[in-house]
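Let me begin by presenting the structure, written as structure tokens, before commenting on it.
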Amino acid sequence: MKKRILLTGGAGYIGAHTAVELILQGYDILLIDDFSKSNKALLTGIEKITNKCPSFQEGDCKDSKFLESIFSKNKFDTVIHFAAYKSVKESVQEPLLYYDNNLRSMTELLRAMNNFAVNELIFSSSCTVYGQPDVIPVDETAPFKRAESPYGATKQMCERLLEDVVLAGEKLKVISLRYFNPIGAHPSALIGELPIGVPDNLVPYVTQTAAGLREKLTIFGDDYSTPDGSCLRDFIHVMDLAQAHVSAVEKIDSMPSRNEAFNLGTGEGVSVLGLARKFIEVTGVKLNYEVGPRRPGDIEKVYANPAKAKKLLGWQTKLTLETALADAWRWQKQLA
Ligand code: WQD
């Protein structure tokens, strides 16, 4: 019998793609989302792809009464916690909003899980917990340096919070998935990234520029000590990322400890300039870009050592940067 799974923030970018994979692989899921940073359109896309209308409840993870109503009506085996604010830039402008939302969502969720004896949690974390690692590619033993933003600090704090709660109890099992740079969209172009306002992240800015919605892409700095001077990142296809969550659901019962973290990346560093040029090569469209000043808070280079996920989750990326960029472009074009 497949597990019953709660996806908090299930109408978001990563949540929706994970929901598709879970449904298609036979899992019984419930999505909750408050739509503060997401859009009901992705629920329609999930239904069109899977031919199943996903079970869904609108509500806020900070609302203990809402969570109690959800947990009292459903017997979950596992929770995947996507619900959080994730803009680095916005977190610098609105730190209190980020600390309150991202931390209180976590503590209220943990209380509800404890009250209803739900003992498996998969947490949406981020490579940002490392800051600028001393050793690249970065593995899970790398220390947490001072986070570059309140957003990153909330991810560090949530992982520490989970460590302490696991230690204080006897049954809770946690897997933290540290995403590198998620990009792309489902190949059907029925779901994808829906940034609110001007995108902070690189790939949606690229596709919006190519679609004529933005005048030009600015490459934030080409004076870093990297091969072409622009920052290096580990761009992972969102469908590979979704599959990693399915693997985590399947393997959480057989982990070496009750609290494990995994880097989810390709293991390869790609430069910002290199991605822009690859986009043009893959899509054949014009992309208006120029080099500008560095963006404050950016780290120079980070990419994953994904060996632990391969060993313990039996997961590794399968999709290429080219595929991710082509899928991102196909999604952007159908938004027009
Ligand atoms: C990538 C690179 C920019 C936009 C953050 C979070 C991470 C995750 C993804 C949530 C950088 C450059 C960008 C542009 C550019 N967050 N860039 N021009 O900062 O690596 O990671 O977002 O899931 O947790 O830390 O991602 O896409 O913003 O930037 O040159 O218009 O692209 O300088 O080097 P980042 P990003």
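In what follows, every heavy atom counts, from backbone to side chain, and hydrogens, waters and symmetry copies are set aside. Note that the structure is predicted; figures quoted are calculated from it, not measured. We count ligands from 1, going down the list as the structure has it; atoms in each ligand are counted the same way.
With a 4.0 Å cut-off on non-hydrogen atoms, Val203 does not touch ligand 1 at all.
Between Tyr179 and His245, the gap from one ring centroid to the other is short of 6.0 Å.
Among protein heavy atoms, atom 7 (C) of ligand 1 sits closest to Ser126 OG, 3.8 Å. For atom 4 (C) of ligand 1, the closest heavy atom belonging to the protein is Asp200 O, 3.4 Å. At the top of the distance list for atom 9 (C) of ligand 1, counting protein heavy atoms only, stands Asn201 ND2, 3.7 Å. In this structure, atom 2 (C) of ligand 1 lies nearest to the protein heavy atom Val272 CG2, 3.7 Å. Distance from atom 27 (O) of ligand 1 to its nearest protein heavy atom, with residue and atom name: Leu202 N, 2.8 Å. The closest protein non-hydrogen atom to atom 18 (N) of ligand 1 is Thr218 O, 2.8 Å. Residue, atom and distance of the protein heavy atom nearest to atom 33 (O) of ligand 1 are Asp298 OD2, 2.5 Å. From the protein, the heavy atom lying nearest to atom 6 (C) of ligand 1 is Val88 CG2, 3.7 Å.
In this structure, Glu268 places its CD atom where only 12 or fewer heavy-atom neighbours from other residues, nucleotides or ligands lie under 6.0 Å away. More than 12 heavy atoms of other shown residues, nucleotides or ligands fall within 6.0 angstrom of atom CD in Glu140. Counting non-hydrogen atoms of neighbouring residues, nucleotides and ligands closer than 6.0 angstrom, the NZ atom of Lys48 reaches no more than 12 such neighbours.
Looking at Ile280, Val272, Thr209 one by one, the single match for side-chain contact (heavy atoms from CB on, under 4.5 Å) with Tyr289 turns out to be Ile280.
Using a cutoff of 4.0 Å between basic side-chain nitrogens and carboxylate oxygens, Lys173 and Asp253 are scored as salt-bridged.
Listed by atom number, the atoms of ligand 1 under 4.0 Å from Thr128 heavy atoms are 24 (O), 25 (O). Atom numbering of ligand 1 starts at 1 in the shown order; those under 4.0 Å from a heavy atom of Cys231 are 34 (O). Proximity to Ile219 (heavy-atom distance under 4.0 Å) selects the following atoms of ligand 1: 30 (O).
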request  = Take Asp77 and Lys2, measure what salt bridge (Lys or Arg N to Asp or Glu O under 4.0 Å) needs, and give me the verdict at the end.
outcome  = CA-CA 9 Å; Asp77 298 293; Lys2 290 275 190 180; over 6 Å; no

message = Set out, in order, the CA-CA distance, both residues' side-chain angles and the distance that settles side chain to side chain donor-acceptor pair (under 3.5 Å) for Tyr85 and Asp100, then state yes or no.
response = CA-CA 10 Å; Tyr85 297 162; Asp100 179 58; over 6 Å; no

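At a threshold of 4.5 Å between non-hydrogen side-chain atoms, the residues Ile191 and Tyr13 do not count as touching. Put simply, the side chain of Arg178 does not reach to within 4.5 Å of the side chain of Lys155, judged on heavy atoms.
Heavy-atom proximity to atom 19 (O) of ligand 1, evaluated over Arg295, Arg233, Gln208, is greatest for Arg295. Between Tyr151, Tyr179, Tyr13, Tyr289, it is Tyr151 that holds the heavy atom closest to atom 10 (C) of ligand 1. Of the listed residues (Tyr224, Phe220, Tyr205), the one carrying the non-hydrogen atom nearest atom 14 (C) of ligand 1 is Phe220.
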